[in-house]
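Keep in mind that what you see is a predicted model, and the values were worked out from it rather than measured. Any value given below was found using the heavy atoms of this structure, including those in side chains, with hydrogens, waters and symmetry copies removed. Numbering of residues begins at 1 and proceeds along the displayed sequence.
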Amino acid sequence: MDTLVEEAWRARERAYTPYSHYPVGAAVEDEAGRRVGGANIENASYGLSICAERVALTRARMEGLGPIVRVAVVAEGPAPSPCGACRQFMAELAKGAKVVYENRTQRVESTVEELLPGAFSL
């Protein structure tokens, strides 16, 4: 998981956070070991902002990655626990994946199902 976390830290450098000043990075990996990263992108119309996790998962889908098996999320400050929208995104696009979220001093490991038990699904 450490190399995936490193990729998430690199992705964080591309965040666009002029409003919150809280850059977050994410990286996902499929069962074949292919990886993509994402960073949060804010907008003056704050509801249009998108979290790093959803950017990475959307990229993975668009770039043809297979089933996602690992997700890493990083930020400075408090450990960046994924928001509800990101948890639901993971429940659909990364079902069964292992998840790690961390800052520079704390790491939390979980699964998608532990983050969102009883997730909405079809």
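Sparse packing is recorded around CZ of Arg61, with 12 or fewer heavy atoms of other residues, nucleotides or ligands lying under 6.0 Å away.
Minimum heavy-atom separation, Ala8 to Ala72: CB-O, 3.9 Å. The shortest non-hydrogen separation linking Trp9 to Ala75 is CH2-O, 3.5 Å. Nearest heavy-atom pair, Gly38 versus Ala52, reported as atom, atom and distance to 0.1 Å: O-CB, 3.7 Å. Of all heavy-atom pairs between Ala11 and Ala39, the closest is O-CB, 3.3 Å.
Formation of a donor-acceptor pair under 3.5 Å by the Arg35 side chain with backbone atoms of Ala27 is not found in this model. Under the 3.5 Å distance criterion, the side-chain polar atoms of Asp30 are matched with a main-chain donor or acceptor of Gly33. For Ser20 (side chain) and Thr17 (main-chain N/O), no donor-acceptor pair under 3.5 Å exists by modelled atom type. Listed for the Thr111 side chain is no donor-acceptor partner under 3.5 Å among the backbone atoms of Lys98.
Taking 4.5 Å as the limit, some side-chain heavy atom of Arg107 sits within range of a side-chain heavy atom of Asp2. Looking only at side-chain heavy atoms (C-beta outward), Ser81 and Arg87 come within less than 4.5 Å of each other. Using a 4.5 Å heavy-atom cutoff, the side chains of Gln106 and Glu102 are not in contact. Looking at Cys83 and Cys51, their side chains come closer than 4.5 Å, going by heavy atoms from C-beta outward. Side-chain atoms of Arg70 and Val100, non-hydrogen and from C-beta on, never get closer than 4.5 Å to each other. Side chains of Arg34 and Glu63 form no contact here, defined as non-hydrogen atoms less than 4.5 Å apart.
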Going through the distances and angles, do Val5 and Val74 end up as a side-chain contact (heavy atoms from CB on, under 4.5 Å)?
-> CA-CA 7 Å; Val5 168; Val74 300; 3.9 Å; yes
Could you go step by step and tell me if Glu76 and Arg104 meet the salt bridge (Lys or Arg N to Asp or Glu O under 4.0 Å) rule?
-> CA-CA 6 Å; Glu76 298 285 352; Arg104 298 286 185 192; 3.0 Å; yes
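Among residues at least two apart or in separate chains, there is no salt bridge (charged side-chain N to carboxylate O under 4.0 Å, His left out) pair with a member in residues 42-56.
The line from CG of Asn40 to SG of Cys86 is 9.5 Å long, rounded to the nearest 0.5 Å.
Apart from Val108 itself, the hydrophobic cluster it occupies contains Tyr22, Val24, Val28, Val36, Leu57, Leu65, Ile68, Val71, Val73, Phe89, Met90, Leu93, Val99, Tyr101, Val112, Leu115, where clustering links Ile, Leu, Val, Met, Phe, Trp and Tyr at side-chain heavy-atom distances under 4.5 Å.
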